[in-house]
Amino acid sequence: MGLELLSSNRCFAGEQRRYQAVSEALSGHTVFSVFVPDFAVSNPVPVLIYLSGLTCTDENAVTKAGAQRVASELGIAIVFPDTSPRGDGVANDPDGAYDLGLGAGFYINATQSPWASHYQMESFIVEELPLLLANLEGLDLTRVSVCGHSMGGHGAMTLAFKHPGTYCSVSAFSPICAPADCPWGHKAFTAYLGADQEEWRHHDASTLIRSGAEQVPLLVDQGAADAFLEDQLKPSALKAACDAVGFPLTYREHDGFDHSYFFIASFIEEHLRFHAKFLNA
């Protein structure tokens, strides 16, 4: 599984790289970014996978989240996948909406036409991405955690809950906590998974927790001034689910902060230090 290096930039004590690869799961090419600290040359480092939100590519968090300085200090590599398959023949919303199709893969495996032939993001992140990363020197793929924002926060939580033992810890900024019960989730899940709402709940973090998901350390930060807080994100559902089963959630709500990368950049250091404890970094 070969990688093509598209770019490499010196960044703090490390390199910010961008790769292209052929993906069997996505039936085409995919691009992802990786920050590798210099420390990895002689000491393989653990990996944090960062899943971005709606409309984003692999590059948004690379340039806006401000994660590299602390990742270099802690000795953690960060991997930034794309948010959906792309390329010729990949289905997109016919009206060009931002919340379905390109940039909106929701980190699930689609079962419905025309999405199923490319939109296999769960398989890509969990199964294929580690095989691609194995081509890179200095990464310890036995120590992996996952983080995400908004749609990516949904992805980080559900992938960690659905694949126990895969990730050492999980964190999220402003995650979609109950997609089976919000407009973004209704639209995407109807298209990708069909009309059976019971199937949707296999991809809903709050439902997975109530259904007995294996416990993994979980940190969630939410801006109290987030315009999507009540209608789309629904953190109250996540908190209620965790309270009901004693799931180890650290939930923090921050006055004045919204849904933007300014919010992420304000707290990314704390997320990296949270994961470092469980990655033994």
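- When atom types are taken as modelled, the side chain of E73 and the backbone of R69 share no donor-acceptor pair closer than 3.5 angstrom.
- Closest of all the heavy-atom pairs between L133 and F32 is CD2-CE1, 3.8 Å.
- Judged by distance alone, the side chains of S169 and H275 do bring a donor and an acceptor atom under 3.5 Å apart.
- Comment: D243 does not engage K239 in a salt bridge, judged by the lack of any side-chain N to carboxylate O separation of less than 4.0 angstrom.
- Taking hydrophobic clusters as Ile, Leu, Val, Met, Phe, Trp and Tyr residues chained together by side-chain heavy-atom distances below 4.5 Å, V170 does not share a cluster with F274.
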Using side-chain contact (heavy atoms from CB on, under 4.5 Å), reason through Y19 and L136 one step at a time and then give a plain yes or no. CA-CA 11 Å; Y19 291 97; L136 303 180; 3.3 Å; yes

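- Side-chain atoms of E128 come within 3.5 Å of backbone N or O of E24 as a donor-acceptor pair.
- Note: Y119 and Y192 have parallel aromatic rings, judged against thresholds of 30 and 60 degrees for the angle between ring planes.
- Residue V31 is not grouped with residue F80 when hydrophobic side chains (ILVMFWY) are merged at heavy-atom distances under 4.5 angstrom, including chains of intermediate members.
- Between the side chain of Q120 and the backbone N or O of A25 there is no donor-acceptor pair closer than 3.5 Å.
- Annotation: F267 is in aromatic contact with H254 [ring centroid separation under 6.0 Å].
- Between K234 and D181, none of the side-chain N atoms (NZ, or NE/NH1/NH2) sits under 4.0 Å from a carboxylate O, so this pair counts as no salt bridge.
- Within 6.0 Å of OH on Y98 lie more than 12 heavy atoms contributed by other residues, nucleotides or ligands.
- Looking only at atom types and distance, the side chain of H149 has no donor-acceptor partner in the side chain of S52 under 3.5 Å away.
- Rounding to the nearest 0.5 Å gives a distance of 8.5 Å between OG1 of T55 and CE of M151.
- Taking the six-membered ring for Trp, F173 and H271 have ring centres closer than 6.0 Å.
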Given the rule in the side-chain contact (heavy atoms from CB on, under 4.5 Å) test, do V47 and L141 qualify, once you have shown the distances and angles that lead to the verdict? CA-CA 7 Å; V47 174; L141 296 173; 4.0 Å; yes

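- H186 and Q197 share no donor-acceptor pair across their side chains, judged by distance under 3.5 Å alone.
- Note that CE of M157 is 9.5 Å distant from CG of L208, once rounded to the nearest 0.5 Å.
- Among all heavy-atom pairs drawn from P81 and L51, the shortest one is CG-CD2, 3.9 Å.
- Put simply, CD1 on I76 and OG on S72 are 10.5 Å apart, with the number rounded to the nearest 0.5 Å.
- Rounded to the nearest 0.5 Å, atoms SG (C11) and CD (E15) are 10.5 Å apart.
- A donor-acceptor pair under 3.5 Å links the side-chain atoms of R143 to the main chain of N280, judged by distance alone.
- The pair R10-D38 meets the salt-bridge criterion, with a side-chain N (NZ, NE, NH1 or NH2) lying under 4.0 Å from an Asp/Glu carboxylate O.
- At least one donor-acceptor pair under 3.5 Å links the side chain of Q68 to the backbone N or O of V62.
- Relative orientation of the W184 and H259 rings is tilted, given thresholds of 30° and 60° on the angle between their planes.
- Side-chain atoms of T190 never come within 3.5 Å of backbone atoms of K187 as a donor-acceptor pair (strictly under, hydrogens ignored).
- Side chains of L238 and I209 form a contact here, defined as non-hydrogen atoms less than 4.5 Å apart.
- When all heavy atoms of L3 and A21 are compared, the pair lying nearest together is CD2-CB, 3.6 Å.
- Hydrophobic clustering (ILVMFWY, side-chain heavy atoms < 4.5 Å, transitive): F189 and W115 are in one cluster.
- The closest donor-acceptor contact from the side chain of D95 to the backbone of A97 lies at 3.5 Å or more, if one exists at all.
- The heavy-atom pair separating Q16 from S33 by the smallest distance is NE2-CB, 3.7 Å.
- Closest approach of A156 to C147, counting heavy atoms only: CB-C, 3.7 Å.
- F247 has its ring centre less than 6.0 Å from the ring centre of F161.
- The main-chain N or O of V45 is never found under 3.5 Å from a side-chain atom of D140 such that the two would form a donor-acceptor pair.
- We find the OG1-CG distance between T30 and D58 to be 8.0 Å, quoted to the nearest 0.5 Å.
- Ion pairing between K64 and E59 fails under the 4.0 Å rule for side-chain N and carboxylate O.
- When ring centroids are compared, H154 and F106 come within the 6.0 Å threshold.
- Side-chain N/O atoms of K162 and H202 include no donor and acceptor closer than 3.5 Å.
- Within the model, atoms CG of L54 and CZ of F228 stand 8.5 Å from one another, a figure rounded to the nearest 0.5 Å.
- Here the shortest heavy-atom pairing between I78 and Y50 reads CG2-CB, 4.1 Å.
- Between the side chain of N109 and the main chain of S123, a donor-acceptor pair closer than 3.5 Å is present.
- Checking side-chain atoms of E253 against main-chain N and O of G223 turns up no donor-acceptor pair under 3.5 Å.
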